[in-house]
Amino acid sequence: MRVLLTGGAGFIGQHVLARLLELGHEVRVLDSLRPDVHRNGRGWTPPAGVELQVGDVRDTHACDTALAGVEAVVHLAAKVGLGVDIADMPDYASSNDAGTGELLAGMALHGVSRLTIASSMVVYGEGVGLCVDHGAVTPGPRLEASLASGDFEPPCPICGKRLGTALVGETVPLDPRNAYATSKMAQEFYASNWARVTGGSVAMMRYHNVYGPGMPRDTPYAGVAAIFTSALRAGKAPRVFEDGGQRRDFVHVRDIASATVAACEQMTEGVKAFNVGSGTPRTVGEMAVALARALDGPEPVVTGEYRLGDVRHITADSAKLRKELDWRPSVEFADGMAELAHQPAG
Ligand code: UD1
């Protein structure tokens, strides 16, 4: 297939590109090489046979040129991370939502009907908690006073009791709690609107915490695995926020790439969301220990610090992806963390 891959020079993009090429697809990359992501400037060189168009998805003309002659689009170009403060809001709305709007309008003009779009587990907010008295509930907000006093678990919204954790399926109500999450949710809705009007298909890939070779480091937008690796390489202990018991699903970027390409190849009708995770939740504390061991570094320090935009636990149920797209993750947690620990410093 002739595929347009937006954001193909990014962390996930480069792995998706490699997977598309491995499976024999013809790929054009549209990437703005924005300096806050590509700190080496415009120095990215695509692999042989790949056409790189340097441009921004917010630019109508760039989309128009990039979409000529393609059969499917994988849309990864976005501003990622949690956002550092409220001043980031316009950039999330512009980069992620206005950009997606331009791309969708261009796809309609060019009659391109297949879209795979990067979304995120953050659209679920705090997800689902299990109350002994009230069953599955949406966890209540974590108040700053509770966090400051070291009480990190979100309460049952009905009785205030501590909640057990549960895997989040795709039908859980969306509850974005920061600008990035809101922009991802809006992208999903714009894409669904487009599909309804044009008869196109959309696979919305709700990625869990992605890690692996090439992950961005040393920026305010870096994920926790990259932050811990950088600290350990500098001989410092990883600083684990809260009490280290917050749960995530760390999924390897090559598994993310294989899931994304499976969706691009197989999703030819309708609108579907897929959680993409390894299926095995881990705590942030556990991950810090795995990296510290792999790098033979200092033991992690649990600091009790907290970030207001953070959710406590969020863990995916990726059963739908496994069943409907016949996808399986292939990288074991310990192997993936060891690989990350020993990759050349970026
Ligand atoms: C991450 C991604 C987000 C993605 C989501 C999918 C980043 C920056 N965020 O959000 O884009 O959509 O996964 O599930 O990649 N922590 C520490 N010490 C630190 C930094 C963080 O303990 O130095 C803790 C945080 O408090 C949090 C956890 O690690 O509890 C994860 O943080 P982070 O890597 O920023 O990811 P998410 O918020 O899960």
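Whatever order the structure lists ligands and atoms in, that order sets their numbers, starting from 1.
Of all the heavy atoms of Tyr207, the ones lying under 4.0 Å from any atom of ligand 1 belong exclusively to the backbone. Here Arg312 has no heavy atoms under 4.0 Å from ligand 1, in either its backbone or its side chain. Neither the backbone nor the side chain of Val80 has any atom closer than 4.0 Å to an atom of ligand 1 (non-hydrogen atoms only). Counting heavy atoms under 4.0 Å from ligand 1, residue Lys184 does not touch it at all.
The ligand atoms of ligand 1 that sit less than 4.0 angstrom from a heavy atom of Ser120 are 4 (C), 5 (C), 6 (C), 12 (O). Residue-ligand proximity, Gly223 to ligand 1, at heavy-atom distances under 4.0 Å covers atoms 7 (C), 8 (C), 15 (O), 34 (O). Close approach of ligand 1 to His208 (heavy-atom distance below 4.0 Å) involves ligand atoms 6 (C), 14 (O). Atom numbering of ligand 1 starts at 1 in the shown order; those under 4.0 Å from a heavy atom of Ile227 are 20 (C), 23 (O). The atoms of ligand 1 that sit less than 4.0 Å from any heavy atom of Asn209 are 1 (C), 6 (C), 13 (O), 14 (O), 36 (O), 37 (P), 39 (O). Below 4.0 Å from some heavy atom of Arg239 lie the following atoms of ligand 1, by number and element: 17 (C), 18 (N), 19 (C), 22 (O), 23 (O). Shown in contact with Met121 at under 4.0 Å from a heavy atom are these atoms of ligand 1, numbered in order with element: 14 (O). Atoms of ligand 1 lying under 4.0 Å from any heavy atom of Val284, numbered from 1 in the order shown and given with element: 22 (O), 28 (C), 29 (O).
Using 4.0 Å as the threshold, Ile314 has no heavy atom nearer than that to any atom of ligand 1. Heavy-atom distances between Tyr180 and ligand 1 reach below 4.0 Å in at least one pair.
Between the side chains of Ser94 and Arg58, a donor-acceptor pair is found at a separation under 3.5 Å. Using a 3.5 Å distance cut-off with no hydrogens or angles, the side chains of Ser278 and Asp249 do pair a donor with an acceptor. Side chain to side chain, His75 and Thr100 meet the donor-acceptor criterion of an N or O pair below 3.5 Å. There is a side-chain donor-acceptor pair under 3.5 Å between Glu102 and Thr60. In this model, no donor atom of one side chain and acceptor atom of the other lie less than 3.5 Å apart for Arg142 and Tyr306.
Both Val54 and Leu76 are members of a single hydrophobic cluster when ILVMFWY side chains are connected at heavy-atom separations under 4.5 Å.
Considering backbone and side-chain atoms together, Phe241 places an N or O closer than 3.5 Å to an N or O of ligand 1. Checked by distance only, ligand 1 and Phe228 stay at 3.5 Å or farther apart across all their nitrogen or oxygen atoms.
Note on Glu153 versus Arg312: salt bridge recorded, some NZ/NE/NH1/NH2 to OD/OE distance being below 4.0 Å. By the 4.0 Å N-to-carboxylate-O rule, Lys272 lies too far from Glu170 to be salt-bridged with it.
Connectivity analysis of hydrophobic side chains (ILVMFWY, heavy atoms under 4.5 Å, direct or indirect) links Val289 to nothing; its cluster partners are none.
To the nearest 0.5 Å, atoms CG (Leu340) and CE (Met215) are separated by 6.5 Å.
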